[in-house]
There are 2 protein chains.
Amino acid sequence: MEKTLKRMATMQRMQTTGLNLFYKKGYYNTSVDDILKELSLSKGAFYYHFDSKEDFFIQIIEQLVVRKVYSMLIEPIEGHENTLELITNCFEDALETAVHNELDYGFLLNNFINEFNGRNPEIMKHLNEILRIWEVTLVSAIQRGKFNGHIDRHVDAEGVAVYLMSSFIGIRTLMVETAPSARKYRFMSQLRQYFKSIEAKSENQPNNTSY
Amino acid sequence: MEKTLKRMATMQRMQTTGLNLFYKKGYYNTSVDDILKELSLSKGAFYYHFDSKEDFFIQIIEQLVVRKVYSMLIEPIEGHENTLELITNCFEDALETAVHNELDYGFLLNNFINEFNGRNPEIMKHLNEILRIWEVTLVSAIQRGKFNGHIDRHVDAEGVAVYLMSSFIGIRTLMVETAPSARKYRFMSQLRQYFKSIEAKSENQPNNTSY
DNA sequence: CACGCTACCAACCATTTGGTCTGTTTTTTA
DNA sequence: TAAAAAACAGACCAAATGGTTGGTAGCGTG
């Protein structure tokens with residue numbers, strides 16, 4: 001049964017360095033030969049494992065990009081503690097990782113979305129799906145927060161989610177070339193300011209009583 | 001003296017359709033021939049007027065992109081009225097334009113920045129300069145607001161500016177493929193919510209008395 | 001009207017691109 | 001251990017790319 005073991009190993013190697021190069025130089029600006037050169041592999045190997053460059057990239061999205069986004073932005077906010085604190089810490093961690101990343105080219109998802117927008121519907125389908133999951137996760141986190149009494153009952157969960165996604169996408173772009181650490185700090189301060197404005201008013205205590 | 005009139009006319013034609021195509025398909029994914037075909041011009045014409053594709057694009061930035069950003073995001077917030085209202089209206093208008101644009105590929109600046117980030121320092125210099133001007137304009141607008149008593153004295157002008165830029169860049173990406181109108185509406189609602197949290201407390205009336 | 005200069009044409013070039021194809025090595029299976 | 005299948009090598013191809021070059025309409029000026 002494990003005859004596919006070597007196959008999977010080389011496929012993963014290809015996908016890993018493929019993603020790195022696509023992230024660094026962009027999809028259209030990275031040739032298949034570029035990836036192969038870095039791996040000391042031949043064209044034959046590549047087209048033995050993948051149908052085309054596009055097929056290759058879609059598999060990268062499904063295998064690697066999805067997981068990165070999950071571990072970075074989805075799972076950290078799925079807990080049942082104070083929602084706003086979870087999101088704050090999640091963003092803080094994600095941005096801190098970016099600061100310490102020597103070679104940062106911005107938010108993976110944002111870069112690819114911008115590259116394929118209106119150009120490759122097939123790939124956009126996959127990228128939009130990831131965005132959708134992120135949005136759903138945020139919305140339900142906010143709603144949990146409202147239910148738990150941490151967030152004001154009147155806030156629009158969808159609105160907050162869109163606003164959070166927007167600001168995150170944007171700050172990742174702004175952090176690439178100019179003062180990433182300072183910008184991260186300023187961003188987080190304002191995020192906390194914003195969160196204060198949607199918190200449940202202090203007189204309404206969290207209704208932990210309902211448990 | 002006006003013997004250069006025809007020259008400038010064709011150069012502008014080239015730049016206009018060039019920008020449209022670069023915006024639509026991306027810089028690296030648009031060939032010089034693509035632009036020439038749309039104009040029914042030849043290679044000779046192009047390289048008679050411009051040194052290279054890169055030189056061509058830099059001139060486009062200086063001639064067209066800068067002006068678009070100015071009229072869209074800079075000038076509308078340079079007035080002396082209530083700053084937060086100015087910014088709100090400015091964003092509202094900019095996003096509304098995007099909603100009604102049949103073929104919207106996102107925020108021009110964001111698309112190009114993502115494409116050239118860490119790849120073409122020469123072009124990034126120009127794009128970062130535009131961002132810098134936008135930031136400076138926002139910061140001084142916030143400071144005017146603090147001075148005029150519309151904005152709380154304790155807010156960090158730099159922080160607000162970065163936060164505003166982030167969210168704007170991000171929402172433009174999110175508005176491209178999915179429910180632009182709804183997302184714009186939600187975004188604007190949350191922006192107003194955020195602005196309320198940095199407004200001067202109502203007990204401190206705007207110090208129009210100082211005039 | 002001839003001269004010269006601007007603005008443009010179009011064939012051409014070297015290189016790179018995604019992809020194919022034939023063959024060789026390596027591994028599994030009988 | 002031999003045959004069969006899997007994994008890979010690398011030469012090859014057509015199309016596309018940014019850029020070059022020699023030539024030529026058209027037009028203002030002497």
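Values below: every heavy atom of this structure, side chains too, minus hydrogens, waters and symmetry copies. Residue numbers begin at 1 in each chain, while the letters A, B, ... track the order of the sequences.
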Where along residues 47-55 of chain B does a heavy atom fall under 4.0 Å from DNA chain D?
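Going residue by residue through residues 47-55 of chain B, the ones with a heavy atom under 4.0 Å of DNA chain D turn out to be B/Tyr47, B/Ser52, B/Lys53.
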Return the residues of residues 27-39 of chain B meeting this criterion: a heavy atom under 4.0 Å from some atom of DNA chain D. Order them by number, or give none.
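B/Thr30, B/Ser31, B/Val32 - these, ordered by number, are the residues of the stretch whose heavy atoms sit under 4.0 Å from the strand.
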Can you check nucleotides 10-12 of chain D for protein contacts, nitrogen or oxygen pairs under 3.5 Å, and list what you find?
from: D/dG10; atom 1: O6; to: A/Gly44; atom 2: N; distance (Å): 3.0

Side chains of [X] and [Y]: donor-acceptor distance under 3.5 Å anywhere?
X: B/Asp152; Y: B/His154; answer: yes
X: B/Asn148; Y: B/Thr83; answer: no
X: A/Asn114; Y: A/Asn110; answer: yes

Which atom pairs, one a donor and one an acceptor, fall under 3.5 Å between side chains of residues 70-77 of chain A and the rest of the protein, sequence neighbours left out?
from: A/Ser71; atom 1: OG; to: A/Arg67; atom 2: O; distance (Å): 3.3
from: A/Ser71; atom 1: OG; to: A/Lys68; atom 2: O; distance (Å): 3.2

Global bending angle along the helix from C/dC1-D/dG30 to C/dT27-D/dA4, which compares the axes of five pairs at either end, to 10 degrees:
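Computed angle between terminal axes is 10°.
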Quick one: side chain to side chain donor-acceptor pair (under 3.5 Å) partners of [X], sequence neighbours excluded?
X: B/Tyr23; value: B/Asp104
X: B/Lys53; value: none
X: A/Asp156; value: none
X: B/Glu177; value: A/Asn128

Between A/Glu158 (side chain only) and B/Arg186 (backbone N and O only), is there a donor and an acceptor less than 3.5 Å apart?
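Side chain of A/Glu158 to backbone of B/Arg186: no pair is present.
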Other residues, nucleotides and ligands only: do more than 12 of their heavy atoms fall within 6.0 Å of OH on A/Tyr185?
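Count not over threshold, so no.
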Would you please name every residue forming a side chain to side chain contact (heavy atoms under 4.5 Å, CB included) with B/Asp55, sequence neighbours left out?
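Once residues adjacent in sequence are excluded, the partners of B/Asp55 under the side chain to side chain contact (heavy atoms under 4.5 Å, CB included) criterion are B/Phe50, B/Asp51, B/Ser52, B/Gln59.
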Does A/Asp34 have any side chain to side chain contact (heavy atoms under 4.5 Å, CB included) partners at least two apart in sequence or in another chain, and if so, which?
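Once residues adjacent in sequence are excluded, the partners of A/Asp34 under the side chain to side chain contact (heavy atoms under 4.5 Å, CB included) criterion are A/Leu21, A/Lys25, A/Thr30, A/Ser31.
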Short side-chain N/O contact from B/Arg7 to OP1 or OP2 of C/dT6, under 4.0 Å
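It does not, given that no N or O in the side chain of B/Arg7 lies less than 4.0 Å from OP1 or OP2 of C/dT6.
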Nearest whole angstrom, please: distance from the P of D/dA6 to the CG of A/Leu41.
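One finds 19 Å between P of D/dA6 and CG of A/Leu41, rounded.
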Please list all pairs passing the salt bridge (charged side-chain N to carboxylate O under 4.0 Å, His left out) test where one or both residues lie in residues 125-139 of chain A, with sequence neighbours left out.
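For residues 125-139 of chain A, and leaving out neighbouring residues, the salt bridge (charged side-chain N to carboxylate O under 4.0 Å, His left out) pairs sorted by first residue read A/Glu122-A/Lys125, A/Glu129-A/Arg132, A/Glu135-B/Arg183.
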